[in-house]
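Note on naming: letters A, B, ... go to the chains in the order of the sequence lines (proteins, then strands), and numbering restarts at 1 for each one. Computed from a predicted structure; not experimentally measured. The basis for the numbers below is simple: all heavy atoms, side chains too, and nothing from hydrogens, waters or symmetry mates.
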Amino acid sequence: MTSTTNNGEEKIPFWRDQRFWRVALQVAAVVLVIILLSVLFRNLTGNWTRRGTRFTYSFLTNAASFNIGETLISYTPNDNYARAFLVGLLNSLRVILLGFIFTTIVGTVAGIASFSENWLVRQISRVYVEIVRNTPLLLQLIVWYFTVFLRLPRPDNQIILFNSFYLSNTGIHIPWPSGSLLTWLSVLVLIAGTIVAFMLWTWRTRLIVERGESGQPQLIGIGAIAVISLLLLIFGLGWQIPQSPSSGQVQGGLRLSSEFCGLLFGLTFYTGAFIAEIVRGGIQSVSRGQWEAARSLGLHSGLVMRLVVFPQALRVIIPSLNSQYMNLAKNSSLALAVGFPDVFSVAATSLNQTGRSVELILIIAATYLLLNLIISVVMNQLNRAVQLKER
Amino acid sequence: MTTVPSSSIAPPPSARSSPATWIRKNFFSNWFNTLLTLLILAGLLWWASGFLNWAFTQARWDVIPKNMALFFAGRYPAAQRWRIWILFAIVLAVAGLTWGTLVRNTPKLLTRNVLTWVGVAAAITILLPVPTQTHIILLALEALLLATAWIGHRVGYKIPNLVNWLPLIWGITYVLTLWLLAGGFGLRPVSTNDWGGLALTLFMAVSSIVLCFPAGVLLALGRRSDLPMIRGICTAFIELVRGVPLIAWLFIGKFIFPDFLPIGSPTPNNLLRAIVVLAMFSAAYLAENIRGGLQSIPRGQTEAAQALGLNPLLTTILIILPQALKISIPAIVGQFISLFQDTTLLYIVDVQELLGMANAVLANPEFLGRRGEVYLFIGIIYWVCCYAMSVGSRRLEQQMNTSR
């Protein structure tokens, strides 16, 4: 406990020694946390022994015996709780992934629109951001669900757009690839085509820049890939168009339930407003000289944004985007409020049935922590890719 | 399609442009813009006609005035509702005072902008479909806000130190609020089960803010500490809290928290648990915002303070923290705004705040299917509160920007 001294120096009392306090403070903090945790744990075990329960995950293999409205994999109430969670998790992932895509589009468009030459576009972007950011997300979700998607006409009176979109208050049917072997093959070919086209494009740019060649052959190659891709997109995927054999019934295509649509739209437009602000800030951070230089090269303003400013703004945008994506993932747990069976709402139902609160909350916490970790790792990779490469 | 960001461009030449050229430049500068303008105008017209048609022919607005008391005070006993009004009056008076003192350096309080907003607020108040008595009270409250702001502006100009007393004034207001809501000491006690509506929303938000602020500062300092164990504990806490959705924490507060209490001890009340959860959640986020501010303080500040002989504690309290907090004001207010919005989640764990009250009203068979009207109404309330906070924070930021 006494402070260490150097030879020949007068010993300073330990309470004046910073080294002592550094150690003492840390020890105190750790001891405090351990005491707190052990007290909480003892209370918990005490309460549980009194009630005659103990920590166990054995209920996971019991039959869940509740139905789940929409599932990506087969599920019946006879299946066990573990499978119910899997169904919920897949539903969550569906909302989250689609949410990422749509919210990025909405946010980027709204962010760029705030620099538009058109006064109306600028004002609409501003009003959108101000309204959405200053009202609670839960209210927005409820409004989307109850006053937009549940207000659609009843199935026997549904809205039909272009003979292929069927809108009613039970859900929306849209054309969707059939999912046969041909579809998957086409998807593979499309992905391969994209990669080849991208490589051709970089090759062409290099040839034009370094050797001053025309790049005509490569352009023809890219054009050919584009034509093939277009044909595959139209015919190869095997689009299923929803059909309505009798009134109120729709077959084929993909059915998106009202709950799913409400949640997806709410999350998309809410997070989109935040992303719009991030995009706006990022664009503003690009210096004026970049705009002027690009304009003086004769690029028109759309091209300036796309080729010069936006890629530079990405460096500022991507780190903040990370936390917005995490927020979207966490906010998807509000699915409970609109009755969409995501992992949280499945867990909440299970909690009501089994009373296994601690075990279930641990599952939920682990799920979301893992999700956030994955998002963070992916976004950091992306961030590394767009950062300025200096020696 | 796009222009140079306005903030980074030199001001345009001062040649006055006529409205016609302004319209041409902003709406019809080229074919693309013209098309965009026409499309948007068509869309806006379609939407506006639909909305107005709904608002004036289909919507039945009587659900709002009939339930005004529920929206604002929940199931608070009718005989005691004057206490809520007084509470609102006190809060508004202190808010006005704060506003006035914070803008004390501006030459005029009632700029055209402010007057426009006052006019709009008064007009909306008069148009609200409520009994005349409520009209008068609401107008009086608005007048009170303006009057106290004016007084604050005047007095603040004379006594610049008044700003330093604001936290104390707010502290007293908080205690007063609690006393008015709960009763006791001569007032009839009202159980927390009867608190509700906007009053409860505000109470929950303010209580959580009061609790989360010191916790957030401590967590941020802990995370920046050079003591590895303390840093580790704080980091673990912050990451754990931020990694799990708020609604899961609220479930923990509701279902598990009682299990962690000593055996046989009474369960703390629902509101208290919710406040603790909200505060803990916000503290973790706040800590990250404040950490940003702490990181932006140059190391020279610490070194200078040490050279003066200040110990680490005093260096932090006197030199680093004030600067860091000033820098992070926008982020902190942003966090408070989202905390205010997050109070809506409490309705999922059976706290009858504003959204919960709205749903309770909608569950009444008499008002079935009036969701649009009710949600629009409470949406406007939330919007006004949050927008006021964000405008206030922007002003505060400008006021405190003394560095240049």
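The contact between B:Ile348 and chain A is made entirely by side chain atoms (from C-beta outward), counting heavy-atom distances below 4.5 Å. Proximity to chain B involves both the backbone and the side chain of A:Leu44, based on heavy atoms less than 4.5 angstrom apart. Heavy-atom distances place both the backbone and the side chain of A:Val358 under 4.5 Å from chain B. At a 4.5 Å heavy-atom cutoff, the contact between B:Leu240 and chain A is made by backbone and side-chain atoms alike. Heavy atoms closer than 4.5 Å to chain B are found nowhere in A:Gln140, neither backbone nor side chain. Neither the backbone nor the side chain of A:Asn331 comes within less than 4.5 Å of any heavy atom in chain B. The part of B:Leu355 that comes within reach of chain A is its side chain, from C-beta onward, which places non-hydrogen atoms under 4.5 angstrom from that chain. Contact of A:Arg280 with chain B is not made at all, since no heavy-atom distance falls under 4.5 Å. Looking at A:Arg50, the atoms closer than 4.5 Å to chain B (heavy atoms on both sides) all sit in the side chain, from C-beta outward. Using a 4.5 Å cut-off between heavy atoms, B:Tyr285 touches chain A through its side chain atoms alone. Contacts of B:Pro258 with chain A are made by backbone atoms alone, with heavy-atom separations under 4.5 Å and no side-chain atom involved. In this structure, the portion of A:Ile124 lying under 4.5 Å from any heavy atom of chain B is its side chain and not its backbone. B:Ile252 touches chain A through backbone and side chain together, each having a heavy atom under 4.5 Å away. With a 4.5 angstrom heavy-atom cutoff, A:Leu371 does not touch chain B via any of its atoms. Within the 4.5 angstrom heavy-atom criterion, atoms from both the backbone and the side chain of A:Asn43 approach chain B. Looking at A:Leu370, there are no atoms closer than 4.5 Å to chain B (heavy atoms on both sides), in backbone or side chain.
Residues B:Gly372 and A:Arg151 come closest through the heavy atom pair N-NH2, 4.4 Å. Across every non-hydrogen atom of B:Asp259 and A:Trp48, the tightest pair is OD2-NE1, 3.1 Å. B:Thr37 and A:Asn118 get closest at one heavy-atom pair: OG1-ND2, 2.7 Å. Between B:Gly379 and A:Thr135, the closest heavy-atom pair is O-CG2, 3.6 Å. Summarising the geometry of B:Arg371 relative to A:Thr147, their closest heavy-atom pair is CB-CG2, 3.9 Å, with the distance given to 0.1 Å. When every heavy atom of A:Ser333 is checked against every heavy atom of B:Ile247, the shortest pair comes out as OG-CG2, 3.1 Å.
Of all the listed residues (B:Ile230, B:Leu261, B:Leu44, B:Thr343), the one sharing the greatest number of non-hydrogen pairs under 4.5 Å with chain A is B:Leu261. Among A:Arg42, A:Arg22, A:Arg51, the residue making the largest number of heavy-atom pairs under 4.5 Å with chain B is A:Arg22. In terms of heavy-atom pairs under 4.5 angstrom with chain B, the leader among A:Val33, A:Ile142, A:Val143, A:Val309 is A:Ile142. The greatest number of non-hydrogen atom pairs below 4.5 Å with chain B, out of A:Val30, A:Val27, A:Ile364, is found for A:Val30. Your options are A:Leu351, A:Thr45, A:Leu373, A:Leu120, and the one with the most heavy-atom pairs under 4.5 Å with chain B is A:Leu120. Here B:Cys386 is the residue among B:Gly222, B:Ser225, B:Cys386 with the most heavy-atom pairs under 4.5 Å with chain A. Highest contact tally toward chain A, considering only B:Asn311, B:Leu376, B:Asp226, is held by B:Asp226 [criterion: heavy-atom pairs under 4.5 Å].
If you take CD1 on B:Ile256 and CG on A:Asn47, they are separated by 12.5 Å, rounding to the nearest 0.5 Å.
At distances below 3.5 Å, at least one donor-acceptor pair connects side-chain atoms of B:Gln341 with backbone N or O atoms of A:Arg133. Listed for the A:Lys330 side chain is a donor-acceptor partner under 3.5 Å among the backbone atoms of B:Arg242. Of the possible polar contacts, none joining the A:Asn134 side chain to the B:Trp383 backbone as a donor-acceptor pair under 3.5 Å is found.
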Carefully, step by step, assess A:Leu137 and B:Asp342 under the rule side-chain contact (heavy atoms from CB on, under 4.5 Å). CA-CA 8 Å; A:Leu137 169 62; B:Asp342 282 344; over 6 Å; no
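Around atom CZ of A:Arg126, no more than 12 heavy atoms belonging to other residues, nucleotides or ligands sit under 6.0 Å away. For B:Trp117, the CH2 atom sits in a loose shell: 12 or fewer heavy atoms of surrounding residues, nucleotides or ligands are nearer than 6.0 Å.
Within the structure, ring pair (Phe, Tyr, Trp, His ring centres under 6.0 Å) pairs that include any residue of residues 343-375 of chain A comprise A:Phe344-B:Phe251 (at least two apart or interchain). Residue pairs meeting the ring pair (Phe, Tyr, Trp, His ring centres under 6.0 Å) criterion with at least one partner in residues 340-360 of chain B, sequence neighbours excluded, are B:Phe340-B:Tyr382.
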